[in-house]
Protein chains: 2
Amino acid sequence: MGKHTLGELQHAIMQVLWARDEATVAEVHEALFDERGLAPTTIATMLRKMEDKGVVAHRVEDRHFVYQATVSEDAVRSTMVSELLDRLFAGDPAALVSHLVADHDIDEAEVERLRALLNHAEARKDENR
Amino acid sequence: MGKHTLGELQHAIMQVLWARDEATVAEVHEALFDERGLAPTTIATMLRKMEDKGVVAHRVEDRHFVYQATVSEDAVRSTMVSELLDRLFAGDPAALVSHLVADHDIDEAEVERLRALLNHAEARKDENR
DNA sequence: CTCCTTGAACTACCAAGGTAATACTACCGA
DNA sequence: TCGGTAGTATTACCTTGGTAGTTCAAGGAG
């Protein structure tokens with residue numbers, strides 16, 4: 001498992017692939033055109049680079065390429081969050097949560113959800129004891 | 001206010017500057033040499049690039065440059081966390097916390113700390129009502 | 001069978017991060 | 001005054017992400 005760190009566009013492309021499991025270049029282009037307005041060749045080039053990198057794979061079907069993600073969204077999240085965690089918070093998740101609470105005004109509903117999350121986490125740990 | 005996104009080395013340099021408020025090229029180099037083993041010119045070049053970018057400033061003192069950070073660690077954290085939040089979790093902080101709990105095994109002590117954090121957050125909100 | 005269209009391949013740039021050798025300058029000591 | 005040394009400026013190169021024009025190949029239309 002290498003470093004699955006994705007750039008902006010790469011991530012956008014991956015999201016399309018994650019959403020529909022597989023897609024042609026044209027489909028990806030169409031899905032992203034409204035927000036990005038990129039040339040189809042840009043998408044195609046990026047997909048090839050991403051294949052070199054190992055995060056997508058393609059299969060030929062009916063004269064065009066059908067791409068598919070080879071890494072899960074969660075795997076990407078894991079590596080990228082870990083990276084940011086190490087860089088910015090010396091690997092301390094609580095410090096990141098603290099920053100989140102202080103900086104991104106989390107409303108009461110969110111706080112409730114988080115509290116529930118923590119309760120679940122503790123409940124799971126209780127079970128294994 | 002631009003995007004204060006820092007690369008790996010840039011962030012390491014900033015940490016030195018944040019730690020001691022200001023430092024010469026040689027001091028930064030010395031502080032990072034053990035872990036990175038970079039040439040002094042590399043640090044100097046990077047510092048100049050960072051100055052172009054606006055995240056540090058220098059003053060000449062006694063024939064050498066004394067650099068100082070012009071952005072706070074918290075400002076950098078804010079922009080970088082926000083970016084990751086938007087990219088990976090559609091801007092939902094709770095989703096990030098959820099990921100953190102699920103993925104980075106947070107031990108019971110951490111959970112307690114987080115719970116306390118959330119309590120404080122709610123307490124603050126209660127006060128303002 | 002030939003030409004057009006479509007989509008992939010190739011090539012080419014640009015910016016930013018990173019890394020560093022080399023060139024220059026100015027001070028200090030002999 | 002002359003040369004070494006210290007420290008900055010210049011220049012250069014590599015990688016990755018991003019963006020796209022141009023070329024090429026193969027299937028479909030006439």
Side-chain angles (χ1 to χ4, degrees), chain A residues 2-16 22-68 71 76 79-80 83-84 87-88, chain B residues 2-16 22-68 71 76 79-80 83-84 87-88:
Chain A
K3 312 251 114 169
H4 301 318
T5 303
L6 305 176
E8 175 75 21
L9 174 60
Q10 297 182 348
H11 195 264
I13 290 174
M14 286 304 266
Q15 275 175 331
V16 176
E22 47 176 44
T24 63
V25 175
E27 282 166 352
V28 173
H29 175 249
E30 201 203 319
L32 298 178
F33 188 75
D34 289 336
E35 281 135 32
R36 308 200 160 236
L38 295 172
T41 50
T42 301
I43 304 295
T45 303
M46 202 64 235
L47 277 165
R48 230 166 331 98
K49 287 188 177 183
M50 287 164 80
E51 186 157 33
D52 289 346
K53 202 174 153 175
V55 295
V56 302
H58 83 276
R59 146 180 73 89
V60 178
E61 182 181 304
D62 205 15
R63 278 321 107 198
H64 48 276
F65 286 13
V66 180
Y67 281 93
Q68 193 173 9
V71 291
V76 170
T79 53
M80 291 183 75
E83 230 170 76
L84 178 120
R87 274 237 237 304
L88 266 58
Chain B
K3 312 250 113 167
H4 301 317
T5 303
L6 305 176
E8 175 74 22
L9 175 60
Q10 297 183 348
H11 195 264
I13 290 174
M14 287 303 267
Q15 274 174 331
V16 176
E22 48 176 45
T24 64
V25 175
E27 282 166 351
V28 173
H29 175 249
E30 201 202 318
L32 298 178
F33 187 73
D34 290 337
E35 282 135 33
R36 308 201 160 233
L38 295 171
T41 49
T42 301
I43 304 295
T45 304
M46 202 62 234
L47 277 165
R48 230 165 333 96
K49 286 189 177 182
M50 287 164 79
E51 186 157 32
D52 289 346
K53 202 174 152 173
V55 294
V56 302
H58 83 276
R59 145 179 73 90
V60 178
E61 180 180 304
D62 204 16
R63 277 323 106 197
H64 48 278
F65 286 13
V66 181
Y67 282 94
Q68 193 172 11
V71 292
V76 171
T79 52
M80 290 184 76
E83 229 171 76
L84 178 119
R87 275 237 234 306
L88 265 57

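- The NE2-P distance, from A:H64 to C:dA9, rounds to 13 Å in whole Å.
- Atom CG of B:D52 is separated from atom C1' of D:dT10 by 13 Å (rounded to the nearest Å).
- Classified by interplanar angle (parallel below 30°, tilted 30° to 60°, perpendicular above 60°), the ring pair A:H58/A:Y67 is tilted.
- Note: CG (A:D62) to C1' (D:dA26) measures 13 Å, nearest angstrom.
- Here the P atom of nucleotide D:dG17 and the CE atom of A:M14 are 12 Å apart, to the nearest Å.
- For A:E30, the CD atom is loosely surrounded, since the number of other residues' heavy atoms within 6.0 Å does not exceed 12.
- Counting only heavy atoms from C-beta outward, the side chains of A:E8 and A:R36 approach each other to under 4.5 Å.
- Each of A:T24, A:V25, A:L32 was scored for a side-chain contact (heavy atoms from CB on, under 4.5 Å) with A:V28, with one residue passing: A:L32.
- The interatomic distance linking B:Y67 (OH) with D:dG7 (P) rounds to 13 Å, in whole Å.
- B:H58 places its NE2 atom 12 Å from the C1' atom of D:dG7, with the value rounded to the nearest Å.
- The nearest pair of heavy atoms linking A:Q68 to A:E22 is OE1-OE1, 4.0 Å.
- When the P atom of D:dA6 is taken as reference, atom CD of B:E27 falls 16 Å away, rounded to whole Å.
- Straight-line distance from the NE2 atom of A:H29 to the P atom of C:dT6: 15 Å, rounded to whole Å.
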Nucleotide-resolved protein contact map, nucleotides 13-21 of chain C, B/S/- at heavy-atom distance under 4.0 Å: ----BBBBB
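- The main-chain N or O of A:L38 is found under 3.5 Å from a side-chain atom of A:H29 such that the two form a donor-acceptor pair.
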